Amino acid sequence: MSTKYGASDEQEPPHAPTPTPAPAPSTLMVDLSQDRVGEFRGEWCGKWSLRPVGGGVEWTVDPEDVRPADPIQRLRAELTRANRRSRGELL
């Protein structure tokens, strides 16, 4: 129903929260639900895929349970990758 000045008495429906934008592939992210660091691999059906930095099986996580890795976590992840490469475990 409209009021005298054209405003409506009806409340507007609540807006859905804006989805978190996906980071670039290979961005190091922290899965807060498992306290693990992984590389972002992609998005599928509203879930994000992360892969362990040294290689291994990917896992999925809700975007709201992920945050970017801080500098020390990135350094540790890069060191893990470098060590695995030097041992011949990664090409």
Side-chain angles (χ1 to χ4, degrees):
M1 175 178 174
S2 293
T3 62
K4 180 178 177 183
Y5 299 104
S8 175
D9 289 338
E10 298 176 19
Q11 291 184 355
E12 294 197 17
H15 296 287
T18 306
T20 306
S26 298
T27 301
L28 293 175
M29 306 296 286
V30 177
D31 177 354
L32 300 172
S33 65
Q34 298 182 28
D35 196 31
R36 292 173 65 181
V37 176
E39 292 179 347
F40 176 77
R41 305 305 292 168
E43 181 180 6
W44 185 70
C45 292
K47 300 274 189 175
W48 287 4
S49 293
L50 301 179
R51 184 185 71 163
V53 176
V57 178
E58 293 181 2
W59 74 95
T60 58
V61 64
D62 290 321
E64 53 271 358
D65 292 336
V66 178
R67 68 165 174 79
D70 61 30
I72 196 74
Q73 290 169 319
R74 287 194 305 270
L75 180 63
R76 287 179 183 155
E78 293 299 328
L79 182 60
T80 298
R81 181 183 294 140
N83 285 338
R84 291 195 69 190
R85 186 175 296 131
S86 72
R87 290 190 302 257
E89 297 173 11
L90 294 174
L91 296 177

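None of these values were measured; they are calculated from a predicted model. Side-chain atoms are counted along with the backbone in the values below, which use heavy atoms only and exclude waters and symmetry mates.
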Can you list, pair by pair, the side-chain donor-acceptor contacts under 3.5 Å of residues 28-37, counting residues two or more places apart and other chains?
from : atom 1 : to  : atom 2 : distance (Å)
D31  : OD1    : S33 : N      : 3.0
D31  : OD1    : S33 : OG     : 2.6
D31  : OD2    : W59 : NE1    : 2.7
Q34  : OE1    : R36 : NH1    : 3.1

Which donor-acceptor pairs under 3.5 Å do side chains of residues 45-57 form with protein atoms, sequence neighbours excluded?
from : atom 1 : to  : atom 2 : distance (Å)
K47  : NZ     : D62 : OD1    : 2.8
R51  : NH2    : E39 : OE1    : 2.7

Only distances under 3.5 Å count here; give the side-chain donor-acceptor pairs of residues 70-78 to other protein atoms, sequence neighbours excluded, each with its distance to 0.1 Å.
from : atom 1 : to  : atom 2 : distance (Å)
D70  : OD1    : I72 : N      : 3.4
D70  : OD1    : Q73 : N      : 3.0
Q73  : OE1    : R67 : NH1    : 3.3
Q73  : OE1    : R67 : NH2    : 3.4
Q73  : OE1    : D70 : N      : 3.0
R74  : NH1    : A69 : O      : 2.7
E78  : OE1    : R81 : NH1    : 3.0
E78  : OE2    : R81 : NH1    : 3.0

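To the nearest 0.5 Å, atom CZ of residue R41 and atom OG1 of residue T27 are 10.5 Å apart.
Not counting sequence neighbours, E43 has no partner by the salt bridge (charged side-chain N to carboxylate O under 4.0 Å, His left out) test.
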